[in-house]
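For reference, the structure discussed in these notes is given below.
Here, residue 1 is the first one in the sequence, and each next residue gets the next number.
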Amino acid sequence: MSGAVFIALCLVLGLSGVRAEDPYLFFTWNVTYGTIAPLGVPQQGILINGQFPGPNINSTTNNNIVINVFNNLDQPFLLSWNGIQQRKNSWQDGLAGTNCPIQPGKNFTYHFQVKDQIGSFFYFPSLGMHKAAGGFGGLRINSRLLIPVPFDPPADDYTVLIGDWYAKDHKALAGILDAGRSIGLPDGVIINGKTGKDRTGKDGKPLFVMESGKVYRYRICNTGIRASLNFRIQGHSMELVEIDGSHTMQNLYDSLDVHVGQCYSVLVTANQAPGDYYLVASTRFMKKELTATGIVRYAGSKVPPSAVLPKAPTGWAWSFNQWRSFRWNLTASAARPNPQGSFHYGSINITRTIKFANSRAVVGGKSRFALNGVSHVDVDTPLKHLEYFGVADKFFKYNLTGDEPREGSGPVNLAPNVITVEFRTFVEVIFENPEKGPQFYHLDGYSFFAVGMGPGKWKPESRKRYNLLDAVSRHAIQVYPKSWTAIMLTFDNAGMWNLRSELWERRYLGQQLYISVQSPARSLRDEYSLPDTVLLCGAVASLPKPPPYT
C-alpha cells in the first residue's frame, strides 16, 4: 500500500466518524517545476501532478476537502483557496500569516470544509511570486441536489482561467522587485495556460465543444497578477448567473470586465450557425492591449472562426456602469452568507467605519507599497500562531494603522500590519485610491457587500448612493483610479484573515494586512483549536501547545 493511500485511509477512518453526514474528497498533489511555454518561449513553471494549470476541484457545498500536498520545489510553498471562507478555520488558509510553509521535500495535508458556499473559485500558490509561475487551478462548489439553482442544469460546465503572463520566471520577477525595480507590464495573456496561437499564428486545438441548441456554463476566473481582462465569446451573448459565489440577476452581456481575483459564471446558448468561434480575453486600462484567444467548436464543425475579433470596450465609465448593473438574486435557493439573514444588510447598524488608502513610497532606495502608511512585512512565524500561543506582543503590535488614512505624505512604516476587529460587529470598509491606476482587493474568510463606488474621496454623504438592497455578496472588488469603493460585512468568522492587493507586485512589496477577529470565549462554537496536523515553525515550534478550545 502506498503512503498516500495509507494516509487517505487513516483520514477516512479517523475523520469520517466526526462528520459522517458530509462527504470527503481526497487528493494527493505533487508540486514540481516543469518547462512550460504559455507565450511560445520555454520557461520554468510550477506544475501540480504535471499539469499547468493544475487539476480542477469539483466539489459540492459542505464537502470536506483533504489535499495532501508534496513540495518538490527548491523553495518553501503554500497553497491558498481564493474565496473559500474557511469558517472558524483560518488554520487552513494557506498564507504566510496563518501557516508555516511546506519546506522542500516535505508535505502537508490541508483539511477544510466548503461550508455553506456555492459557486466558482480558484486556488493559487501564495508565497513570493509563485503565482506568476502557475500552480493555480479551478475550484467549483456545486449546489446540493435538494437545493435548486435558478437555472436549468447546463449541458456541460467549463472552467476558463484567464490571466496576464510574464515571460520571466518567478525567481527572476522576485529578484527584480527585491532590487527595488518594477516588473513592468505583462508580456501576454493566457486562457487555460495558452495564448490560442502557435508561433506561426495557427490556432490551437478547441478548448471546448458545444452542440447546437444546448446551454453551457462557463466559469471565468482572472488568475493573473496585474491586469483587468475583458472576456467575450465571438457571436454569442453571455447570461450572467453567478459572481464570486453568489447567484445574480440574469442579465445578458456581450462582454464582461473580470478584474484580478474575481470569478464570474455565465450561461451560453449554442444558437449560432455551426462553426468555430473565438473566446477572447484582452487587457483593459493599459496603453497596449494584449489579447489571447481560444476556440469553442460546435460539434462536427469544420468551419474556421472569423478573423474579425469582437472589440473590447474602452474607458472606465463603461466598466463602472457594468458593475452598477450587477444585482444579487434574492430569490435563489442556495447557500447564503453568514450570518444567516445578512441579506437584510441595509438595515443593520454600522458599528465602525474603516478607511484604507493605498500609497507608494521609496524606502532605502527601493519601492514599497502601503495601506494607511504601513507597508506589511512578514515574520518568520505565522501571525496566527504567535497570537494563539500568546506571544504576539514579542513580535508585532496591533493596530499600527488607524481607521482613517493619515494626512500628508509622511514616512512609510515597514512592519507586520495587523488590525483587530471586534467579533460579530457590522463594519463599513472604504477603499480610497488616490493613484492613476486601478486597485483590486480581496478579503480572506468572508464575503462582503460591495455597496458603492464613486469618484474622488469618500464622504459620509456618499452613503446616500449606496445599494442597500441587492448588492452582490462577493470576496473581491475593484477600486477605479482616483475613486473610492465601499463594502459592508459582519466580522463573525473568528481567525486571522488576509486583506490584500491582488496586484501581486504591490502585495509582495507590502500592500496587504491581516485582520485579527478574536472571540472573547475560547470556544469551539466560534473557532477550531489548532489542529494537531498543522506545521509549526519559528518561535512557537518548541513551545507547549495551549489547551484546546472547548
Side-chain angles (χ1 to χ4, degrees), residues 60-62 83-85 87 114-121 140-154 157 215 217-221 237-253 256-259 262-267 320-351 424-429 442-443 445-454 462-478 485-493:
T60 299
T61 186
N62 288 2
I84 304 304
Q85 292 179 19
R87 299 297 302 177
V114 288
K115 182 70 173 175
D116 294 332
Q117 289 189 260
I118 55 94
S120 309
F121 310 93
R140 65 179 65 161
I141 307 175
N142 302 298
S143 184
R144 286 186 278 189
L145 293 177
L146 295 178
I147 304 176
V149 297
F151 49 86
D152 292 332
D157 196 326
V215 178
R217 182 173 185 170
Y218 288 77
R219 300 174 186 259
I220 309 143
C221 295
S237 295
M238 300 179 290
E239 184 177 3
L240 183 66
V241 294
E242 178 240 334
I243 297 176
D244 289 348
S246 290
H247 288 136
T248 62
M249 298 304 292
Q250 295 171 11
N251 298 324
L252 289 174
Y253 298 90
L256 287 166
D257 274 356
V258 186
H259 306 285
Q262 299 178 358
C263 291
Y264 291 68
S265 259
V266 298
L267 298 180
F320 174 74
N321 287 331
Q322 182 173 83
W323 170 80
R324 292 181 62 186
S325 73
F326 298 150
R327 291 291 185 267
W328 199 21
N329 188 338
L330 299 179
T331 63
S333 299
R336 290 287 186 191
N338 284 286
Q340 296 298 322
S342 63
F343 48 89
H344 298 301
Y345 66 93
S347 60
I348 302 176
N349 291 329
I350 298 169
T351 58
R424 290 180 178 162
T425 53
F426 189 69
V427 177
E428 175 187 48
V429 179
H442 170 90
L443 175 60
Y446 291 93
S447 60
F448 50 72
F449 299 98
V451 295
M453 293 183 185
S462 301
R463 295 187 180 116
K464 296 178 181 178
R465 303 202 300 271
Y466 282 4
N467 175 1
L468 297 179
L469 176 64
D470 56 359
V472 177
S473 174
R474 57 191 310 177
H475 56 74
I477 197 62
Q478 68 272 19
T485 291
I487 67 173
M488 292 178 172
L489 70 154
T490 300
F491 279 94
D492 67 319
N493 191 15

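Applying the side-chain contact (heavy atoms from CB on, under 4.5 Å) criterion to Met238, with sequence neighbours excluded, gives Phe231, Ile233, Leu256, Val266, Val268. Among residues two or more places apart in sequence or in another chain, the side-chain hydrogen bond (donor to acceptor under 3.5 Å, both in side chains) test is passed with Arg140 by Thr159. Shown here are the salt bridge (Lys or Arg N to Asp or Glu O under 4.0 Å) partners of Arg465, two or more places apart in sequence or in another chain: there are none. Arg324 is linked by a side-chain hydrogen bond (donor to acceptor under 3.5 Å, both in side chains) to nothing, counting only residues two or more places apart in sequence or in another chain. Residues that satisfy the side-chain contact (heavy atoms from CB on, under 4.5 Å) test with Val215, not counting sequence neighbours, are Leu267, Thr269. Among residues two or more places apart in sequence or in another chain, the ring-ring contact (aromatic ring centres under 6.0 Å, His included) test is passed with Tyr264 by Phe326. Every residue meeting the side-chain hydrogen bond (donor to acceptor under 3.5 Å, both in side chains) condition with Ser325, not counting sequence neighbours, appears here in chain and number order: Tyr253. Every side-chain contact (heavy atoms from CB on, under 4.5 Å) that Thr248 has, sequence neighbours left out, goes to Leu240, Ile243, Val472. In this view, Asp157 and Arg219 satisfy the side-chain hydrogen bond (donor to acceptor under 3.5 Å, both in side chains) rule, not counting sequence neighbours. With sequence neighbours excluded, the residues satisfying side-chain contact (heavy atoms from CB on, under 4.5 Å) with Arg463 are Ile350, Thr353, Glu428, Trp458, Pro460, Tyr466.
The main-chain N or O of Arg424 is never found under 3.5 Å from a side-chain atom of Thr490 such that the two would form a donor-acceptor pair. Formation of a donor-acceptor pair under 3.5 Å by the Asn493 side chain with backbone atoms of Gln85 is found in this model.
Using a 4.5 Å heavy-atom threshold, the side chains of Ile487 and Val451 count as separate.
The list of salt bridge (charged side-chain N to carboxylate O under 4.0 Å, His left out) pairs with a residue in residues 240-249, not counting sequence neighbours, reads Arg217-Glu242, Asp244-Arg474.
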Audit row: Phe121, Val114, side chain to side chain contact (heavy atoms under 4.5 Å, CB included) steps and yes/no: CA-CA 11 Å; Phe121 310 93; Val114 288; over 6 Å; no
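Using the six-membered ring where Trp is involved, His475 and His442 have ring planes that are perpendicular, over 60° apart on the 30 and 60° scheme.
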